Amino acid sequence: MLLAMAVTAAAGCVSKPVEQDRTEEMTLSEAGEETMPSEEESEVVSEEESKSEMASEVNGVYQVSFEHNYDESGEHAAIIVNDADGEVWRYETSVPEVAQIDAYAMLGETATSVYFLDKGVVKSFDITTGEVQWELTDYPMSTGASLVDEDGTLYVTGYFGSFYMVVSPAGEVLHHCPEAAEEDLYWPYQMEFVGDKVRIYCESNEDAIVLVNKEDYTYTVE
């Protein structure tokens, strides 16, 4: 059962204006107390942890692979893009020390771009050349969950830095909230589209599920 609460948006949220009436629902905002639970010392991942790799095909032309592993030297990641003739380009990251939160994550792909989280910075690479199209250095983000819609718009959540952010294919930040309005919403780990809403699963005290309206960013909590 959805629980709608009448709270207006706080000034901390940065959104692209929407020409429609505001509903009497919550809006993800910066308001409120600290949203994250206190942290213990970071647990370093064992150097024996196995290497992980993801691969996806884009437009039947490019195959995008993401290699991610840890060893005694630190955390390693690489993006590799291939076509029918072999490797087109690759991007290899620096190697920071292994920490509690991953420094790198694949965020999604479109017909023209590869979205990547690089040590807190969301980046877009040209899928044909590997050149950086844009990067969001003013909006820090940590590993969480992400989605890309049919228009190439990126929806991303994070544990620290930003709770929820929406970015256009051109790199315009359409909506940004550093924190959720409720202190029991934290650790977002999965997202999915449900009609005109985005469903976010959070590892909160009661495993909260948040439904965010894609148009005006109001939300309800299940």
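Bear in mind the structure is a predicted one, so any value in this text is a computation, not a measurement.
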Checklist entry - Would you say E222 and L211 make side-chain contact, with heavy atoms under 4.5 Å? => result yes
Checklist outcome for this item: Closest heavy-atom pair, I200 versus T157, reported as atoms and distance to 0.1 Å, is CD1-CG2, 3.9 Å
Checklist entry - Between F193 and Y155, does the ring centroid distance fall short of 6.0 Å? => result yes
Next on the checklist: Could you tell me if the side chain of M191 sits less than 4.5 Å from the side chain of Y164, heavy atoms only?
Outcome noted: yes
Next on the checklist: Checking side-chain polar atoms at under 3.5 Å, does Y70 have a donor or acceptor matched by the opposite partner on D102?
Outcome noted: yes
Checklist outcome for this item: For K214 and G195, the nearest pair of non-hydrogen atoms, with its separation, is CD-O, 4.4 Å
Next on the checklist: Checking I79 against W89 for the side chain to side chain contact (heavy atoms under 4.5 Å, CB included) test, could you report, in this order, the C-alpha distance in whole Å, the side-chain angles of both residues, the deciding distance, and whether it holds?
Outcome noted: CA-CA 8 Å; I79 304 170; W89 61 269; 4.0 Å; yes
Item to check | Distance-minimising heavy-atom pair for V210 and C202 | outcome: CG2-SG, 4.2 Å
Checklist entry - How long is the span from the OG1 atom in T110 to the CG atom in D149, to the nearest 0.5 Å? => result 10.5 Å
Item to check | Side-chain (E109) to main-chain (V64) donor-acceptor, under 3.5 angstrom | outcome: no
Checklist entry - What are the two closest heavy atoms between V132 and F125, and how far apart are they? => result CG2-CE2, 3.7 Å
Item to check | Evaluation steps, side chain to side chain contact (heavy atoms under 4.5 Å, CB included), between V81 and Y91 | outcome: CA-CA 9 Å; V81 176; Y91 173 74; over 6 Å; no
Item to check | From CD (E215) to NE2 (H175), nearest 0.5 Å | outcome: 12.5 Å
Next on the checklist: Could you check whether any side-chain heavy atom of S124 comes within less than 4.5 Å of a side-chain heavy atom of Y115, counting everything from C-beta outward?
Outcome noted: yes
Item to check | Considering all heavy atoms, the nearest L117-M141 contact | outcome: CD1-O, 3.7 Å
Next on the checklist: Any non-hydrogen side-chain atom of M165 less than 4.5 Å from a side-chain atom of V122?
Outcome noted: yes
Item to check | Close side-chain approach of P178 and S162, heavy atoms under 4.5 Å | outcome: no
Next on the checklist: Whether the Y104 and S94 side chains hold a donor-acceptor pair (N or O, under 3.5 Å, no angle test) is what I'd like checked.
Outcome noted: yes
Item to check | Hydrophobic cluster membership, F116 vs I80, 4.5 Å side-chain cutoff | outcome: no
Item to check | Any side-chain donor near an acceptor of the partner, T153 and D151, under 3.5 Å | outcome: no
Next on the checklist: Do V167 and W134 make a side-chain contact, defined as non-hydrogen atoms from C-beta onward lying under 4.5 Å apart?
Outcome noted: yes
Next on the checklist: Between V173 and V121, is there shared hydrophobic-cluster membership here, with clusters defined by ILVMFWY side-chain heavy atoms closer than 4.5 Å?
Outcome noted: no
Item to check | Geometric class of the Y201/Y189 ring pair [parallel <30°, tilted 30-60°, perpendicular >60°] | outcome: tilted
Next on the checklist: Could you work out, with side-chain hydrogen bond (donor to acceptor under 3.5 Å, both in side chains) as the rule, every residue matching N82, not counting sequence neighbours?
Outcome noted: none
Next on the checklist: To check you understand the geometry: which heavy-atom pair defines the closest contact between V148 and G108, and what is its length?
Outcome noted: CG2-CA, 3.9 Å
Next on the checklist: Are R199 and I209 packed together at the side-chain level, in the sense that at least one heavy-atom pair is separated by less than 4.5 angstrom?
Outcome noted: yes
Next on the checklist: Tell me whether E97 at atom CD has more than 12 heavy atoms from other residues, nucleotides or ligands lying less than 6.0 Å away.
Outcome noted: no
Next on the checklist: Could you check whether any side-chain heavy atom of M106 comes within less than 4.5 Å of a side-chain heavy atom of H68, counting everything from C-beta outward?
Outcome noted: no
Checklist entry - Does the side chain to side chain donor-acceptor pair (under 3.5 Å) test come out yes or no for T220 and K197, once each step is laid out? => result CA-CA 10 Å; T220 55; K197 295 179 173 59; over 6 Å; no
